[in-house]
J.: 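For reference, the structure I am asking about is given below.
Chain naming here is simple, since letters A, B, ... match the order of the sequence lines and numbering starts at 1 in each.
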Number of protein chains: 2
Amino acid sequence: MSEVPFETVSTHRCFGGTVGFYKHTSRVNNCTMKFAVFTPPQAERGRVPVLYYLAGLTCTEETFMIKAGAQRVAAELGLMLVAPDTSPRGVPLPGDSDSWDFGVGAGFYLDATQEPWSRHYHMYSYVTAELPALIDAHFPADPKRQGIFGHSMGGHGALTIGFKNPGGRYRSISAFAPIAAPKRCPWGQKAFNGYLGPDQSAWDAYDATELVRKVKDARSRPPLLIDQGMSDQFLQTQLHPHLFEEAAREVGYPFTLRRQQGYDHGYYFISTFMEDHLRHHAQILG
Amino acid sequence: MSEVPFETVSTHRCFGGTVGFYKHTSRVNNCTMKFAVFTPPQAERGRVPVLYYLAGLTCTEETFMIKAGAQRVAAELGLMLVAPDTSPRGVPLPGDSDSWDFGVGAGFYLDATQEPWSRHYHMYSYVTAELPALIDAHFPADPKRQGIFGHSMGGHGALTIGFKNPGGRYRSISAFAPIAAPKRCPWGQKAFNGYLGPDQSAWDAYDATELVRKVKDARSRPPLLIDQGMSDQFLQTQLHPHLFEEAAREVGYPFTLRRQQGYDHGYYFISTFMEDHLRHHAQILG
């Protein structure tokens, strides 16, 4: 069993560390998947805390590394950054490229149960199990100091994955403009209908607002950080942070939801507050 | 004469300032041109120093704003950043898209004298006259505190434009991996042949290594900063910083050429040293 675990596509020196792009055969997604890793300079001396960043609709494994401006502070704090792609690719399924909010580039960080999506779309298992196992085996990441964050669809992914894997698996969580109540917005309804089927009882397992209500020891969890731009073009129709806010407050989950005046949904917003998020994670991960 | 000077394509709040994308009818290029501006928060209180950034082959007015990570420090230092496109577009000429190093995306910051390029390709006049006049009239830029920098083809542009317009027009200059002796590399020879014709005596006017020899008061000019990655895939064949270094040293032009081990030609390199360049300009512009 001498299977090659992954191939290096390219590496680039950046802030004294390395941005690398890689690809491998994913067992759970049954296709080739790409991912990016920023390895900070501190990793030369031992294992470092690792943050998984989940990107939004239409993004790829490159988006975060190119646009978010995270490497400077990650190099200062000694954080590894891992950015997977946002869906399976290269395995054409009927209708997977008809719209930008479903199928390719729109995996929604769940395990699809409906044909034909269930053949490949297992981004939940990919992000929570297969990819971390690869990272822990081949990169100097410390699996005991692992956090997760993301943007929009990836903010949804970070919150739901964080809540579903308590007890230290993801010790720190944050999100930029997350789809905070996907059951109740068009993007989420379309994705859940397609990937999970019309039975809405299956949807709660991937809805941050539903999941936060069920977090055991909610009051003793590390605080969550969410930034939301108030000029975000999707705020009113798709994101619904106020629904999450109400639910989190009810159960006493510690969180900070910052409403940023004038900021929109894009990476000019994300890059502005990236440093705060990285410091939030570093403080919790130690 | 109530011509609209420019149209706003989009604006985005970023680090307390604004990234804006604009388009206008360029008289010197005889086509629609796009440009980007980062206006720092300090501009609410008066005119601020302004840096023109010239991008490299294949880039657009978006590249710098998306990839360079400059807004954070520009917002701190109160610098306006202006990024033009790299060539005329939307005016098809025979052969203008056959290669990525000539024609569209490859204007080389010169005024073409050869047909058909001379109908549109006047990026030198555009960058040095038409665009600054528009910026000074409609944005809170201080034309007395103006600097220029760029990358690769844009580093060539920054050096040559800086040397050709002494006496305060561009008080500060810097470059990332510039094409430092275009007369003596394939990219430059192809561009100069096409845009300026085979008579090489016309080429010296756009060659940084030739121009630095002719700078009057070279020894009293503000220092120049150049960063060059030593794993740059184009270093040996296209960039030739050592030729510029020799010429600048001969005439006593003050400069720092930093050879950065392990860094390549891309924006992971540029973003790493962007802060140093912005502080270099801010120190000179005051």
Side-chain angles (χ1 to χ4, degrees), chain A residues 9-21 36-41 44 59 62-76 81 83 176-177 227-233 235 258-279, chain B residues 9-21 36-41 44 59 62-76 81 83 176-177 227-233 235 258-279:
Chain A
V9 177
S10 67
T11 63
H12 313 273
R13 197 148 189 80
C14 185
F15 285 98
T18 303
V19 172
F21 294 96
V37 178
F38 175 69
T39 304
E44 291 171 16
C59 293
E62 285 195 307
T63 310
F64 171 76
M65 293 295 173
I66 292 173
K67 295 185 171 184
Q71 292 93 337
R72 178 184 63 88
V73 178
E76 178 198 324
L81 305 170
F176 299 91
D227 272 306
Q228 174 60 58
M230 296 311 285
S231 296
D232 186 323
Q233 57 271 47
L235 175 54
R258 306 194 301 188
R259 292 178 162 91
Q260 305 287 5
Q261 293 299 324
Y263 287 87
D264 64 23
H265 196 66
Y267 275 80
Y268 298 115
F269 156 64
I270 294 170
S271 62
T272 299
F273 301 105
M274 180 52 65
E275 178 163 357
D276 294 348
H277 283 243
L278 296 177
R279 293 193 186 283
Chain B
V9 177
S10 67
T11 63
H12 313 272
R13 197 148 189 81
C14 185
F15 286 98
T18 303
V19 171
F21 294 96
V37 179
F38 174 69
T39 304
E44 290 171 15
C59 293
E62 285 195 307
T63 310
F64 172 75
M65 293 295 172
I66 291 174
K67 296 185 171 186
Q71 292 93 337
R72 177 184 63 88
V73 178
E76 177 199 325
L81 305 170
F176 299 91
D227 272 306
Q228 174 61 57
M230 296 311 285
S231 295
D232 185 323
Q233 57 270 46
L235 174 55
R258 306 193 302 187
R259 293 178 162 91
Q260 305 287 6
Q261 293 299 322
Y263 288 87
D264 65 22
H265 197 65
Y267 274 81
Y268 298 115
F269 156 64
I270 294 171
S271 62
T272 300
F273 302 105
M274 180 54 65
E275 177 163 357
D276 293 349
H277 283 243
L278 295 178
R279 293 193 187 282

J.: As an exercise: rank T272(B), I270(B), V19(B), I66(B) by heavy-atom pairs under 4.5 Å with chain A and give me the winner.
T.: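 The residue among T272(B), I270(B), V19(B), I66(B) with the greatest pair count is T272(B).
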J.: Based on non-hydrogen pairs under 4.5 Å, which of G229(B), G16(B), S271(B) is most in contact with chain A?
T.: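 Looking at each option in turn, the highest pair count goes to S271(B).
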J.: Chain B heavy atoms under 4.5 Å from Q261(A): which part of the residue, side chain, backbone, both or neither?
T.: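 When you check distances to chain B, only backbone atoms of Q261(A) fall under 4.5 Å.
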J.: Should the ring pair H12(A) and Y268(B) be called parallel, tilted or perpendicular, given that the plane angle runs from 0 to 90° and is split at 30 and 60?
T.: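 Because their plane-to-plane angle lies in the 30° to 60° range, the rings of H12(A) and Y268(B) count as tilted.
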J.: Chain A: which of R72(B), K67(B), Q71(B), Q260(B) shares the most heavy-atom pairs with it under 4.5 Å?
T.: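 Highest number of pairs under 4.5 Å: R72(B).
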J.: Can you check whether D264(B)'s main-chain N or O pairs, donor with acceptor, with Q233(B)'s side chain at less than 3.5 Å?
T.: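 Flag not set: sc Q233(B) to bb D264(B) has no pair under 3.5 Å.
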J.: Measuring heavy-atom distances to chain B, does T18(A) have an atom under 4.5 Å in its side chain, in its backbone, in both, or in neither?
T.: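 Neither; nothing under 4.5 Å.
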J.: Between R279(A) and E76(A), is any pair of side-chain heavy atoms under 4.5 Å apart?
T.: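 Yes, side chains in contact.
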J.: By a 4.5 Å heavy-atom criterion (distance strictly below it), what part of Y267(A) contacts chain B: side chain, backbone, both, or neither?
T.: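 For Y267(A), neither part sits under 4.5 Å from chain B.
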J.: To the nearest 0.5 Å, what is the distance between CG (L235(B)) and CD (Q228(B))?
T.: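 It comes to 4.5 Å.
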J.: Which region of S10(B), side chain (C-beta onward) or backbone (N, CA, C, O), has a non-hydrogen atom less than 4.5 Å from a non-hydrogen atom of chain A, or is it both or neither?
T.: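 S10(B) has no heavy atom closer than 4.5 Å to chain A.
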J.: Could you tell me which non-hydrogen atom of A36(A) sits nearest to which non-hydrogen atom of M65(A), and how far apart they are?
T.: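 Closest approach of A36(A) to M65(A), heavy atoms only: CB-CG, 3.8 Å.
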J.: Look up atom CZ in F15(A) and atom CZ in F273(B), then write down how far apart they are to the nearest 0.5 Å.
T.: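 The CZ atom of F273(B) is 8.5 Å from CZ of F15(A), to the nearest 0.5 Å.
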